[in-house]
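A short worksheet on the structure shown next.
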Amino acid sequence: MLNVRKIIVTSALIYANGEVHLGHVTSTYLPADIFVRFCRLNGDQVIHVSATDDFGTPISIEANKKGVKPEDFVAFWNKKDREDFADLGISFDIFDRTSSEENRKLTQHFFKKLDENGYIYEQDVLQPFCENCDRFLPDRYIKGTCPFDDCGATEQYSDSCEVCGRPIEPGAIKAPHCAICGSKPITRSSKHYFFKLSEFSNPLKNWLKQNQNLQLDVKNYVLNWIDEGLRDWDITRDLSWGIPVPSIDDKAKVLYVWFNNHLGYISTAQKLFAEKGDEDGRKTWNASAIFHFIGKDIVYHHYLYLPAMRMGVDEYKLPDYIPTRGYFTLQGRKFSKSREWYISVRDFLTKFPADYLRFYLAIITPYSQADVNFDWQDFENRINNELIANVGNFVHRVLTFTWSQYKGQVPESASLCDVDKELKEELVNVVKEAATEINQIELSKGLRRILAFSAFCNKYFQTKAPWKNRETRNTTLYLCVNAVRSLAILLEPYIPFSAQKIWQQLNLKDNVSEQTWDSAQELKVPEGHKIVKPETLFERVQDAEKQ
RNA sequence: AGCGGGGUGGGGUAGCCAGGUUUAACCCGUUGGGCUCAUAACCCAGAGAUCAGUAGUUCAAAUCUACUCCCCGCUACCA
């Protein structure tokens with residue numbers, strides 16, 4: 001292990017105004033976590049970074065409505081999100097917030113640098129203004145009637161209609177009124193800062209073309225976007241909840257959330273490095289492979305704004321990978337909180353173990369922008385047939401056999417027959433092949449490969465029939481117990497809680513997460529080792545379809 | 001509308017980017033058999049698909065190209 005890989009993995013920041021739901025988990029947090037856990041087993045120097053995205057109009061409005069300070073509002077969600085992630089086994093090395101001191105500083109630093117380098121300019125824009133509230137009304141501070149004749153829904157935000165789902169052009173909304181007090185806004189001029197995104201068209205194009213790690217479909221999508229012509233980007237808002245624009249004295253003007261939130265990846269990683277005594281976080285950042293896991297709803301921000309800003313400042317390297325996954329649907333219908341068609345992590349965990357969710361989502365989520373459908377019947381089938389009947393069954397039959405026939409002591413191995421040797425070869429193959437898939441972020445394929453190994457083990461056990469072949473059963477069980485240990489390691493990235501349970505039933509030292517991936521191809525459980533009394537690993541799922 | 005993704009045995013999917021190594025794979029369901037260590041779990045054998053349609057490229061296409069039909073998603077000043 002001379003060349004230890006240095007890896008920084010970030011999960012897209014969750015907006016601090018609501019609970020973690022299955023959509024977030026599917027596209028971002030679970031894939032990132034599986035990958036990170038694998039890297040840890042693999043001996044890489046890896047950190048998993050995320051944070052809550054604390055600023056912006058919606059938070060400002062909601063805090064206002066509830067009569068609490070935005071600071072307290074986001075602190076509440078930060079705590080709640082942490083708990084949800086922890087219970088799901090999402091293992092962050094640091095989970096911070098974009099409103100941290102570190103991120104404020106870095107954001108202002110970026111603004112100043114971009115300004116110095118000539119990428120920022122001022123321009124007056126006409127903004128809706130509420131005279132009653134004495135404030136400008138950005139984004140979602142305006143509500144009105146959907147302008148499409150066939151819809152006409154009332155009380156819609158001015159940017160898009162929740163009822164018909166169509167985006168609304170600025171200024172097109174009918175009967176506009178202030179979302180706070182309801183009065184009719186007037187138009188007033190306001191000075192805004194713009195980032196010259198348009199100047200980065202060519203550098204962005206070159207970077208996209210030259211980076212071989214980006215998904216082809218996403219890359220083409222973004223390249224098309226660039227060809228249509230990039231517009232400069234308004235990076236300020238007339239709002240008090242945010243990071244102030246440095247060097248101006250207007251407290252009611254802050255930097256746009258999308259200007260600062262992705263800088264949270266860097267500031268948070270640096271904070272962690274500093275805590276570990278590494279004061280030159282920039283150097284470490286630039287020496288690492290950078291992975292930003294995201295959902296396809298934020299492709300623009302991560303493939304255009306983020307790299308352009310880093311290019312403009314030229315201090316922090318660009319991402320190497322931006323694993324992007326698709327939209328989440330529930331029973332074939334679009335996931336939507338406002339239409340009450342969604343499942344939160346918290347709700348799910350009151351009904352089923354975290355590993356069931358991890359397993360199911362991991363196996364149905366491809367490495368592409370294709371949408372992922374959560375179906376309760378399918379969930380039940382896969383858990384019962386692919387997790388329990390395959391993995392659970394193999395582990396359980398081996399351990400209970402060892403317990404009842406050998407009083408829990410792993411028997412001694414004799415010479416290996418061809419079938420035994422085949423099992424040993426399969427062990428080496430699965431360790432290598434699953435690692436290849438996971439390294440390519442093909443997490444679903446990696447899991448399928450491991451399941452194929454488990455199925456192979458069941459077949460092996462059946463073929464060897466240790467319950468009647470007394471002369472070979474010692475060797476059979478010796479190999480099978482070792483295969484169980486290997487499965488625990490291989491499955492740890494996917495189902496860490498269950499993997500640890502298997503580890504404990506095997507009565508092995510330390511935690512399964514502290515093992516090395518490659519050790520899974522070895523037969524490390526010694527002859528004569530004593531296991532503990534096995535217990536059922538998984539409960540079958542019955543009638544998953546409710547809610 | 002533009003762009004992107006998809007249409008594979010009864011259901012759900014993989015394979016397609018790097019065409020032949022596939023007699024098209026996997027899970028469910030289904031037919032018959034076996035086993036009884038194991039959570040009605042496990043194993044074996046079988047039935048069932050001209051890979052949406054049409055036309056091409058090629059010695060060879062589910063895989064590449066063009067067009068057509070259907071489904072879904074995205075569209076920057078919305079996190």
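Fair warning: this is a prediction, and the values are worked out from it, not measured in the lab.
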Who pairs with A/Arg82 by side chain to side chain donor-acceptor pair (under 3.5 Å), at least two apart in sequence or on another chain?
-> A/Asn78

Identify, with sequence neighbours excluded, every residue that meets ring pair (Phe, Tyr, Trp, His ring centres under 6.0 Å) alongside [X].
X	result
A/His192	none
A/Phe85	A/Tyr29, A/Phe92, A/Phe95
A/Phe538	none
A/His396	none

So which protein nitrogen or oxygen atoms get under 3.5 Å of nucleotides 3-14 of chain B's nitrogens or oxygens?
from, atom 1, to, atom 2, distance (Å)
B/C3, O3', A/Asn224, ND2, 3.3

Taking A/Asp53 for its side chain and A/Tyr15 for its backbone only, find out whether a donor-acceptor pair lies under 3.5 Å.
->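 Such a contact is absent between A/Asp53 side chain and A/Tyr15 backbone.
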
Verify, without hydrogens or angle tests, whether A/Asp378 (side chain) and A/Phe374 (backbone) share a donor-acceptor contact under 3.5 angstrom.
-> no

Nucleotide B/U75, atom P - distance to CG of A/Leu230 in whole Å = 16 Å

Roughly, in whole Å, what's the span from CD in A/Gln215 to P in B/C16?
->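 For the pair A/Gln215 CD and B/C16 P, the rounded distance is 15 Å.
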
Salt bridge (Lys or Arg N to Asp or Glu O under 4.0 Å) pairs, two or more places apart, involving residues 384-400 of chain A |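 Applying salt bridge (Lys or Arg N to Asp or Glu O under 4.0 Å) to every pair that reaches into residues 384-400 of chain A, excluding sequence neighbours, yields A/Arg382-A/Glu386.
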
Residue pairs, two or more places apart or on separate chains, that pass salt bridge (Lys or Arg N to Asp or Glu O under 4.0 Å) and touch residues 460-481 of chain A = A/Asp420-A/Lys464

Could you list by number each residue of residues 456-477 of chain A showing a heavy-atom separation from RNA chain B of less than 4.0 Å, or answer none if no residue does?
-> A/Asn458, A/Lys459, A/Phe461, A/Gln462, A/Trp467

For A/Ala483, what residues pass the side chain to side chain contact (heavy atoms under 4.5 Å, CB included) criterion, not counting sequence neighbours?
->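 Scan of A/Ala483 (side chain to side chain contact (heavy atoms under 4.5 Å, CB included), adjacent residues dropped) gives A/Phe394, A/Phe453, A/Cys457.
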
Partner set under side chain to side chain contact (heavy atoms under 4.5 Å, CB included) for A/Ala488, not counting sequence neighbours =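 In terms of side chain to side chain contact (heavy atoms under 4.5 Å, CB included), with neighbours along the sequence ignored, A/Ala488 is linked to A/Ile502, A/Trp503, A/Val512.
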
Select base, sugar-phosphate, or nothing to describe what A/Leu537 touches, counting heavy atoms under 4.0 Å on all strands.
-> base

For A/Phe55, which contact category applies under a 4.0 Å heavy-atom criterion: base, sugar-phosphate, or nothing?
->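 The answer is nothing, as A/Phe55 stays clear of every strand by at least 4.0 Å.
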
Could you check which of B/C37, B/C77, B/U39 has an atom nearest any side-chain atom of A/Thr536?
->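 In terms of side-chain proximity for A/Thr536, the closest of B/C37, B/C77, B/U39 is B/U39.
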
Nearest listed nucleotide, side chain of A/Tyr300, among B/C27, B/A38, B/C74 = B/C74

With pairs taken as Watson-Crick or G-U wobble and both distances under 3.5 angstrom, which stems of at least three consecutive pairs involve RNA chain B?
->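 Runs of three or more consecutive pairs: B:1-7 with B:69-75, B:10-13 with B:25-28, B:30-34 with B:42-46, B:52-56 with B:64-68.
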
Could you pick out which residue, A/Asp53 or A/Ser404, lies toward the 5' side of RNA chain B when each is mapped onto its nearest nucleotide?
->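 With A/Asp53 and A/Ser404 compared, the 5'-side residue is A/Ser404.
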
